[in-house]
There are 2 protein chains.
Amino acid sequence: MSVTETDVRWLTAEQQQWWRSYLQGTARLTEALSRQLETDSGLSLNEYEVMVRLSEAEGRTMRMAELASSLVHSRSRVTHTVARMERRGLVERRACASDGRGINAVLTDQGMAALVEAAPGHVRAVREHLVDRLTDDQMRALGEAMQHVAPDVDAV
Amino acid sequence: MSVTETDVRWLTAEQQQWWRSYLQGTARLTEALSRQLETDSGLSLNEYEVMVRLSEAEGRTMRMAELASSLVHSRSRVTHTVARMERRGLVERRACASDGRGINAVLTDQGMAALVEAAPGHVRAVREHLVDRLTDDQMRALGEAMQHVAPDVDAV
DNA sequence: CCCGTGTCGTTCAACTTTCTACTACACTGG
DNA sequence: CCAGTGTAGTAGAAAGTTGAACGACACGGG
């Protein structure tokens, strides 16, 4: 039997409803968080995420590719982002001792300070727009559901 | 009492964990869906979303601003997106009879055809990466959680 | 040792999104 | 009927992202 239009497994009405809610919700949330960060701290959400990762890494240092895969960004994108941040003194780039191809991105003291200053407002916004509107059970359900997303194998 | 560092209501370890899962999950999901659409249908996720909205509207027609708020995009962004799509014959722009300022975006037959062709693959990807990995309860929980996101009042 | 293959990070150009300003029209109150 | 104010959509430049190609280095097999 050939695959025809009727063989498509469409979403049920319910599934579609929740899927739409998800789409709109993420869009609104991202929008709100970006705006807050940009307005209050002059940082983009991406830059903030970079700083968070670096701040938690050993020696506030990560390889570019590691940063990219953790952010689910292309290597090219991370190159640009880090370059911009370096110009502003938020991060530094250092050759990697153990791998001649590698570059380590390091969060500078200034970058760390910027993160410390930006964090409370960001966390407040995350609470305001999402966390505080959900019970702990709902928040866990949300997180657990999203953990089921397939890791993208063939990323750029 | 002044607001000091210690007054910040940080996320609990658990909340932070779910929040991270959410962030990574959405990133991966968006990435996967964009790639699938781009590869299989030559459409961006945004263009696809525009077409979905239009296809469901009365007369396959929507006002630009309506489209913008439904997509949670800026009006400017929608202007550009629709302009590009118009050049490809997917949509048309028509003056709005009832409001001299307004423009109606209309999904063309060609646009509808493109949507019909792209939809099965997209739905399959949504299932593969998310829906089929969740129980119906989990999917509902996800949708319900995201419905609690505050509608962004002061959007651009 | 060195070749083939693969990874790392960057570059450049094309493309998309954002930001700000602007024109045109709508609507309300005097 | 006509300010004043607000909304709809656009334009153009600046900023960010993508995708492909590239040089540099790593690494295993012959």
Side-chain angles (χ1 to χ4, degrees), chain A residues 27 30-39 42-50 61-88 90-106 152-156, chain B residues 27 30-39 42-50 61-88 90-106 152-156:
Chain A
T30 308
E31 166 70 14
L33 296 184
S34 306
R35 183 185 311 293
Q36 184 278 322
L37 263 181
E38 191 63 55
T39 303
L43 295 168
S44 76
L45 198 44
N46 290 338
E47 290 163 344
Y48 183 86
E49 291 288 320
V50 167
T61 293
M62 270 197 236
R63 288 287 295 274
M64 295 295 279
E66 197 185 352
L67 213 37
S69 86
S70 143
L71 293 163
V72 197
H73 287 177
S74 65
R75 279 173 304 148
S76 171
R77 183 175 179 179
V78 173
T79 292
H80 290 303
T81 305
V82 167
R84 286 189 295 267
M85 294 177 73
E86 189 170 32
R87 269 178 244 130
R88 294 207 270 148
L90 300 171
V91 299
E92 269 175 34
R93 266 194 274 230
R94 298 197 190 136
C96 177
S98 57
D99 185 336
R101 297 164 300 179
I103 297 284
N104 283 315
V106 188
D152 207 5
V153 186
D154 42 53
V156 189
Chain B
T30 309
E31 166 69 14
L33 297 182
S34 306
R35 182 186 312 292
Q36 182 278 325
L37 264 181
E38 192 63 53
T39 303
L43 294 170
S44 76
L45 198 46
N46 290 336
E47 290 164 345
Y48 183 86
E49 291 289 317
V50 167
T61 293
M62 269 197 235
R63 288 286 296 274
M64 295 294 279
E66 198 186 348
L67 212 37
S69 86
S70 143
L71 294 162
V72 197
H73 287 176
S74 66
R75 279 174 303 148
S76 173
R77 182 175 180 179
V78 173
T79 292
H80 291 304
T81 304
V82 167
R84 287 190 295 265
M85 295 177 73
E86 189 171 32
R87 268 178 244 130
R88 292 206 271 151
L90 300 171
V91 298
E92 269 175 34
R93 266 194 272 230
R94 296 196 192 137
C96 176
S98 58
D99 185 336
R101 299 164 299 181
I103 298 284
N104 282 315
V106 189
D152 206 6
V153 185
D154 43 52
V156 189

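Lettering follows sequence order; numbering is per chain, from 1.
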(request) Enter the distance from A:E38:CD to A:L45:CG here, rounded to the nearest 0.5 Å. (result) 10.0 Å
(request) Starting at atom CD of B:E92, determine the distance to atom C1' of D:dG9, rounded to an integer number of angstrom. (result) 18 Å
(request) Indicate, with a heavy-atom threshold strictly under 4.0 Å, whether A:R63 touches base, sugar-phosphate, or nothing. (result) sugar-phosphate
(request) For D:dG9, take OP1 and OP2 only and decide whether either is under 4.0 Å from a side-chain N or O of B:N104. (result) no
(message) Of the listed nucleotides (C:dT10, D:dT10, D:dT18), which one gets closest to any side-chain atom of A:S74?
(response) D:dT18
(message) Distance criterion of 3.5 Å, no angle test: do you see the side chain of A:H80 paired donor-to-acceptor with the base of C:dT11?
(response) no
(message) Taking only side-chain N and O atoms of B:R93, does any of them lie within less than 4.0 angstrom of OP1 or OP2 on D:dT10?
(response) yes
(request) Check each of B:L90, B:V78, B:L71, B:L43 against B:V50 using the side-chain contact (heavy atoms from CB on, under 4.5 Å) test, and report the only one that passes. (result) B:L71
(message) Just to be sure I understand the rule, does B:T81 reach a base, reach only the sugar-phosphate, or reach nothing, if contact means heavy atoms closer than 4.0 Å?
(response) sugar-phosphate
(request) Side chain of B:S76 only, please: which of D:dG9, C:dC19, C:dT16 is the nearest? (result) C:dC19
(request) Specify the separation, in whole Å, of atom CE of B:M62 and atom P of D:dG9. (result) 12 Å
(message) Quick check against the 3.5 Å criterion: does A:E66 have a side-chain atom that pairs as donor or acceptor with the backbone of A:R63?
(response) yes
(request) Nearest whole angstrom, please: distance from the C1' of C:dT7 to the CG of A:D99. (result) 8 Å
(message) Strictly distance-based, threshold 3.5 Å: is any side-chain N or O of B:E47 a donor or acceptor partner for the main-chain N or O of B:S44?
(response) yes
(request) Please report, rounded to the nearest Å, how far the P atom of D:dA14 is from the CZ atom of A:R84. (result) 16 Å
(request) Rounded to the nearest angstrom, tell me the gap between atom CD in B:E47 and atom C1' in C:dT17. (result) 13 Å
(request) May I ask you to verify whether the side chain of A:T79 and the base of C:dG9 hold a donor-acceptor pair under 3.5 Å? (result) no
(message) Using a distance-only criterion (donor-acceptor N/O pair, under 3.5 Å, no hydrogens), is the base of C:dT18 paired with the side chain of B:H73?
(response) no
(request) In whole angstrom, give the distance that lies between atom CZ of A:R75 and atom C1' of D:dT17. (result) 15 Å
(request) Would you kindly give the CD-to-P distance between A:E38 and C:dT17, to the nearest whole Å? (result) 17 Å
(message) So, under a plain 3.5 Å distance rule, would you say the side chain of A:R77 forms a donor-acceptor pair with the base of D:dT18?
(response) no
(message) When you measure from the side chain of B:E86 to the backbone of B:R93, do you find a donor-acceptor pair of N or O atoms at a distance under 3.5 Å?
(response) yes
(message) Given the structure, check if the side chain of A:R101 and the base of C:dG9 hold any donor-acceptor pair shorter than 3.5 Å.
(response) no
(request) Rounded to the nearest angstrom, tell me the gap between atom CG in A:L67 and atom C1' in C:dT7. (result) 17 Å
